[in-house]
Amino acid sequence: MNNIEPVLTAPQVSSIAIKHDASFEQLINISEKVNWRLDDVITLNSVFDFSKNMLPQAFFPLDGFSFLDSSEKLIYNHILSYSYLNIFELSEEFIIGMALELAQDEFHSDREAGRALSRFCDEELKHQEMFTRARCLLQSNYQTPLQVLDNYKDISDFILSHSKPATLLLTIHLELITQAHYLDGVKDNQGIDPLFCYILKQHWIEECQHIKIDILEFNRLVAEMEQAQVESIFEEYSQMIIAFVHTLSAQAALNVTDLQAETNQNLSAENKIMLVRFTHSAYCNGLLKYGFKHPHFMRILSDIYSDSTIKLNALNREVDYQIDKLN
Ligand SMILES: [Fe+2]
Ligand SMILES: [Fe+2]
């Protein structure tokens, strides 16, 4: 069993006002002001500095892996950064589907909500294209075709088969951790590639409005529900989280295979198992468990559940159990 677990501190974010009083109209105004053009952020002629990490080392601390030298650790950072972008691109697929459904529900009765949600969709589609461009640039430095989960539609269909409040709760989770990753680890980090940092900054700038739209929509839907229905939101959310644990396990295995191919490393079976487990744990800690500890996420749950802490602790234990089972 690997005792080198990814280090993860509790999110420090205090700048996202979850109990916000912004209206859809105000959120549209901010969105219009901060909106950026894709070609102004990244084109296929942009360049990364491949001598630097893309994601902060703290996201995937490889220091303890003495069987990898520094250049192999750098390559692995780039491989993981490539799949990190893909995981967000993949998540945005179902988020777009959800926002389209919400816009469809809202536009007859609330034109501002419809406008805010359609801008939300357009921005997410732009983010997906930005991440695709960044992945192309990363790939250009490597011979091995980097493997990522590409079943976007299947995953999106699976998530969207759940109720809208549960899908929104998962979206709130992911959009909070996206911002927390930027604020806690990427912003002002001199140790990472400046373009990669800038991409995540531009993403964060538009995501700040998304989380507020999510919460307006979540509150609207929950207000119409009976308590028994509200209980089912967390059950559905938990099922989707556990599905993510399994999906991320597949991604971790692909990452280690790509590292071996790119570096011509023939890892021992033991080292390979250790690295896959480390990678899977890092994904689950950074993308899933990080959200459970996010103060704003905890606050949203405590507003609707008197036993929210018990629920989150139980889900946290289930995630750990699944990680152990899969590795
Ligand atoms: Fe996004
Ligand atoms: Fe978003």
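Read the numbers this way: they start at 1 and go in the same order the structure lists the ligands and their atoms. Heavy atoms only: backbone and side chains are in, while hydrogens, waters and symmetry mates are out.
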With a 4.0 Å cut-off, would you call [X] and [Y] a salt bridge?
X: Lys212; Y: Glu207; answer: no
X: Asp105; Y: Lys164; answer: yes
X: Arg220; Y: Glu217; answer: yes

Q) Can an N, O or S atom be found in Glu92 less than 2.8 Å away from the Fe ion (ligand 2)? A) no
Q.
Taking backbone and side chain together, does Glu206 place any N/O/S atom at a distance below 2.8 Å from the Fe ion (ligand 2)?
A. no
Q: Indicate, with yes or no, if the rings of Tyr237 and His162 have centres closer together than 6.0 Å.
A: no
Q: Among the N/O/S atoms of Glu175, select the one at the shortest distance from the Fe ion (ligand 2) and name it.
A: OE2
Q: Report the name of the N/O/S atom of His210 located nearest to the Fe ion (ligand 2).
A: ND1
Q) What is the name of the N/O/S atom in Glu124 that sits closest to the Fe ion (ligand 1)? A) OE1
Q: Establish, for the pair Lys201 and Tyr182, whether the NZ or CZ atom is under 6.0 angstrom from the six-membered ring centre and no further than 45 degrees off its axis.
A: no
Q | Angle subtended at the Fe ion (ligand 1) by His127 ND1 and Glu207 OE2, rounded to 10 degrees | A | 100°
